[in-house]
Amino acid sequence: MFHLIPTTLNYDFLKMSRPFVWASTAFVIASFVLLLKPGLNYGIDFTGGAEVEVSAPASWDTGKLRDTLKSGGMGDAQVIKIEDSKRNEYLIKTQVDAEKTQNMGDMVKGILSKTLQEGEYQIEKADQVGPQAGEELRSSAILSVLMAALGILIYITFRFDFRFAPGIVRALLFDVIATLGVWILLRREFNLSTVAALLTVAGYSCNDTIVIYDRIRDYQKTHPNMSLYDIVNRSINLNLGRTVLTVLCTNFVVVSLWMLGGPVLGDFALCMLIGFSISIPSTIFVANPMVMYMEKRIHAKEDRAKAAGKAATAPSPKHA
């Protein structure tokens, strides 16, 4: 049988994990700093505003439509061409106050009617989100990621034991927070599609780690005399080919969506591409070393308990 990576590979990944753990910690801190300043580039889903989808004449381009809207008093409008449309369609995004938001479709129609005849353009749809609803969506987005992490923590605790749960949650949070940090550096818009992509990354991050944990548990049963350090290393080596192939195959699809999906799917796919790529080192170098750390803590606690028990049962010295 063909193997991308030989199953005889026996590389000491845990020995290399320390610099990766420190690097991941530094990356998370840097991401938190970026979240404070400059912060996320929130879309109208979270700040409130309007989106209007409009079809324009074939001779028009993004610049022409933007200039027309600017001359009509919508200078802050963001114009995006919908590449996957058969017609010359554009998405107009703007952040305005609540009163104007209610009539944004009529405003765009009024501006275009001064330049174009009836039938040369068409308002396909107009959506708006109020500032209060945007604030609620922002809180719900943060809560959804935290609830996902909590749910996975509980699941791993029952599926394996508590030694495994902190590692997978740490890797999950690292993948999500690091992806957010890269997203801020790219200055991409943060909207509900991005939240959906981050939740997908969170679920995907757990998938490969759980497979490795399964191997660790099986090896512990079949090799009871083998140290946990060697078992974890062996499990990573045996699963390495699957890890690489799974991410490569998934990213082929995600790259296709990114390149061909247009503005609607482009950011969603790009966010997943970043997160899936980050998940490879986090699975190997962040999640698994935490198993060793928890094992050491448990043994240290047991040793202290035994020492305390011996001290309590030891006969007290006789007094003269």
Side-chain angles (χ1 to χ4, degrees), residues 4-5 13 17 20-21 23-24 27-28 31 40 140-160 164-186 188 190-217 232 235-236 238-261 264-291:
L4 179 67
I5 297 175
F13 286 101
S17 63
F20 278 91
V21 169
S24 66
F27 205 106
V28 167
S31 297
L40 289 165
S140 298
I142 297 171
L143 183 62
S144 64
V145 175
L146 295 178
M147 289 299 291
L150 178 61
I152 291 168
L153 177 68
I154 296 171
Y155 168 75
I156 296 298
T157 301
F158 282 98
R159 172 76 183 275
F160 300 97
F164 295 89
I168 201 167
V169 172
R170 178 173 179 170
L172 179 156
L173 292 176
F174 167 69
D175 291 346
V176 171
I177 295 170
T179 302
L180 272 178
V182 175
W183 204 249
I184 295 172
L185 290 175
L186 295 176
R188 310 292 290 206
F190 185 81
N191 50 36
L192 288 178
S193 294
T194 314
V195 175
L198 289 175
L199 290 174
T200 306
V201 169
Y204 188 90
S205 173
C206 301
N207 176 56
D208 197 57
T209 308
I210 288 175
V211 175
I212 296 177
Y213 283 179
D214 265 327
R215 283 193 180 273
I216 293 173
R217 185 172 60 178
V232 172
S235 300
I236 296 172
L238 287 173
N239 205 60
L240 190 59
R242 180 193 179 278
T243 301
V244 174
L245 276 177
T246 302
V247 174
L248 284 177
C249 291
T250 306
N251 279 347
F252 281 145
V253 178
V254 174
V255 169
S256 299
L257 285 175
W258 177 38
M259 297 179 67
L260 305 174
V264 178
L265 293 176
D267 281 355
F268 175 72
L270 178 60
C271 187
M272 287 196 297
L273 178 62
I274 295 169
F276 292 168
S277 301
I278 291 173
S279 71
I280 299 178
S282 74
T283 295
I284 298 172
F285 297 110
V286 177
N288 291 293
M290 281 296 293
V291 178

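The two residues Ala269 and Val254 come nearest to each other via the heavy atoms O-CG1, 3.0 Å. Of all the heavy atoms in Cys271 and Thr194, the pair that sits closest is SG-CG2, 3.9 Å. In plain terms, the two heavy atoms of Phe276 and Thr200 that are nearest each other are CZ-CG2, 4.1 Å.
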For residues 169-177, tabulate all N or O donor-acceptor pairs below 3.5 Å that involve a side-chain atom, not counting sequence neighbours.
unit_1, atom_1, unit_2, atom_2, d
Arg170, NH2, Thr25, OG1, 3.1
Asp175, OD1, Ser282, OG, 2.7
Asp175, OD2, Ser205, OG, 2.5
Asp175, OD2, Ser282, OG, 3.2

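To the nearest 0.5 angstrom, Phe13 atom CZ is 12.0 Å from Ser235 atom OG. Distance check: Asn251 CG to Ile280 CD1 gives 7.0 Å after rounding to the nearest 0.5 Å. Rounding to the nearest 0.5 Å gives a distance of 10.5 Å between CG of Asp267 and CH2 of Trp258. Atom OG1 in Thr179 sits 11.0 Å away from atom CD1 in Ile184 (nearest 0.5 Å). Ile212 contributes atom CD1, which lies 5.0 Å from atom CG of Asn288 (distance to the nearest 0.5 angstrom). Note that CG of Leu273 and CZ of Phe268 are 12.0 Å apart. Values are rounded to the nearest 0.5 Å.
Applying the salt bridge (charged side-chain N to carboxylate O under 4.0 Å, His left out) test to residues at least two apart or on different chains, the pairs with a partner in residues 200-212 are Asp208-Arg242.
Between Tyr155 and Ile168 there is no side-chain heavy-atom pair separated by less than 4.5 Å. For the pair Thr209 and Phe164, the minimum side-chain heavy-atom distance is 4.5 Å or more.
Of the listed residues (Val201, Leu180, Leu186), just one forms a side chain to side chain contact (heavy atoms under 4.5 Å, CB included) with Ile274, and that residue is Leu186.
By the ring-ring contact (aromatic ring centres under 6.0 Å, His included) test, Phe20 is found to be paired with Phe285, residues two or more places apart in sequence or in another chain being considered.
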